[in-house]
Amino acid sequence: QDLIIGATLLVSAPLGQYDPSKVVNIGANRCSVKAELGVSKELGAWTVEVAPSVTFFTDNNDFLNGGTLEQAPLYAAQGHLIYGFGSGIWLALDGTVYTGARTTFNGVKQDNEQSNTRLGLTVALPVDQQNSVKLYGSTGTSSRTGSDYDGLGIAWQYRWGGGF
């Protein structure tokens with residue numbers, strides 16, 4: 001790999017169960033569109049990845065029995081500094097920052113703007129040519145709302161195709 005650039009566009013439709021009398025719902029009764037650009041550059045055994053994104057939201061015009069919920073765009077960026085060992089094992093330092101997404105209910109701005117950062121560590125251990133196990137953990141390093149938690153996980157990855 002030398003330089004890889006990719007883009008994604010994720011569109012979320014207003015699907016899922018929605019009850020306008022409840023604050024918490026499975027569905028959001030609105031659409032969202034997330035645009036993300038990913039850039040990856042290999043520098044010897046190191047790889048640097050950056051992925052900024054922005055998510056736009058439509059209004060929910062039936063929030064709490066007919067109210068209007070608006071939400072400002074959510075800006076985010078992920079970064080990864082990855083070291084690849086010769087055996088196929090790799091280790092990554094991960095960082096994420098979120099900002100924005102303040103809501104307005106019936107014209108009144110709410111005090112819920114996001115301003116959060118997280119750090120994490122990931123290690124991938126190959127099982128064979130197409131399978132690997134990933135262990136990861138992350139923690140909130142600063143949090144204005146909602147992202148002050150610790151997380152640990154394990155994932156099994158399968159890669160289709162050859163030439164890896």
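Note that this is a predicted model, so its numbers are computed, not measured.
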Notebook entry, point to check: Are any non-hydrogen side-chain atoms of Val123 and Lys134 less than 4.5 angstrom apart?
Noted result: no

Checklist line | Separation of Ser132 OG from Trp90 CH2 (nearest 0.5 Å) | finding: 7.5 Å

Notebook entry, point to check: Could you state the interatomic distance from CG (Leu91) to CG (Leu135), rounded to the nearest 0.5 Å?
Noted result: 10.5 Å

Checklist line | side chain to side chain donor-acceptor pair (under 3.5 Å) contacts touching residues 51-60 (sequence neighbours left out) | finding: Tyr18-Asn60, Asn29-Asn60

Next item on the list: Under the ring pair (Phe, Tyr, Trp, His ring centres under 6.0 Å) rule, collect the residues that match up with Phe57, sequence neighbours excluded.
Entry: none

Margin query: For the OG atom of Ser142 and the CG atom of Asn116, what is their distance to the nearest 0.5 Å?
Written below: 6.5 Å

Anything under 3.5 Å between a donor and an acceptor, one on a side chain of residues 76-83, the other on a protein residue two or more places apart or in another chain? List them.
from: Gln78; atom 1: OE1; to: His80; atom 2: NE2; distance (Å): 3.3
from: His80; atom 1: ND1; to: Asp94; atom 2: OD1; distance (Å): 2.7

Next item on the list: Would you give the length of the straight line joining atom CG of Leu121 to atom CG of Leu93, rounded to the nearest 0.5 angstrom?
Entry: 6.5 Å

Can you give the donor-acceptor pairs under 3.5 Å from side chains of residues 64-73 to other protein atoms, not counting sequence neighbours?
from: Gln71; atom 1: OE1; to: Arg30; atom 2: NH1; distance (Å): 2.8
from: Gln71; atom 1: OE1; to: Arg30; atom 2: NH2; distance (Å): 2.6
from: Gln71; atom 1: NE2; to: Ala101; atom 2: O; distance (Å): 3.1

Note to self: Is there a side-chain contact between Leu152 and Tyr136 in this structure, where contact means two heavy atoms from C-beta onward sitting under 4.5 Å apart?
What the structure shows: no

Next item on the list: Among Ile, Leu, Val, Met, Phe, Trp and Tyr joined by side-chain contacts under 4.5 Å, find the other residues sharing a cluster with Ile26 and list them by chain and number.
Entry: none

Checklist line | Check: Asn25 side chain, Ala28 main-chain N or O, donor-acceptor pair, under 3.5 Å | finding: no

Check: Does any non-hydrogen side-chain atom of Asn112 lie less than 4.5 Å from one of Arg102?
Finding: yes

Next item on the list: Using the ring of Tyr149 (Phe, Tyr or Trp, six-membered ring only), decide whether Arg118 places NZ or CZ under 6.0 Å from its centre and within 45 degrees of its axis.
Entry: yes

Margin query: Between Trp160 and Tyr158, is the ring centroid distance below 6.0 Å?
Written below: yes

Note to self: When you compare the side chain of Cys31 with that of Val11, does any pair of heavy atoms fall below 4.5 Å?
What the structure shows: no

Check: Hey, would you say the Phe63 and Phe105 ring centroids sit under 6.0 Å apart?
Finding: yes

When the side chains of residues 33-46 are checked against the rest of the protein, which donor-acceptor pairs come out under 3.5 Å, sequence neighbours left out?
from: Ser40; atom 1: OG; to: Gln1; atom 2: NE2; distance (Å): 2.7
from: Lys41; atom 1: NZ; to: Asp2; atom 2: OD1; distance (Å): 2.4

Checklist line | Full working for side-chain hydrogen bond (donor to acceptor under 3.5 Å, both in side chains) between Thr117 and Thr141 | finding: CA-CA 6 Å; Thr117 57; Thr141 53; 2.6 Å; yes

Check: With side chains defined as the heavy atoms from C-beta onward, is the minimum distance between Gln114 and Leu74 less than 4.5 Å?
Finding: yes

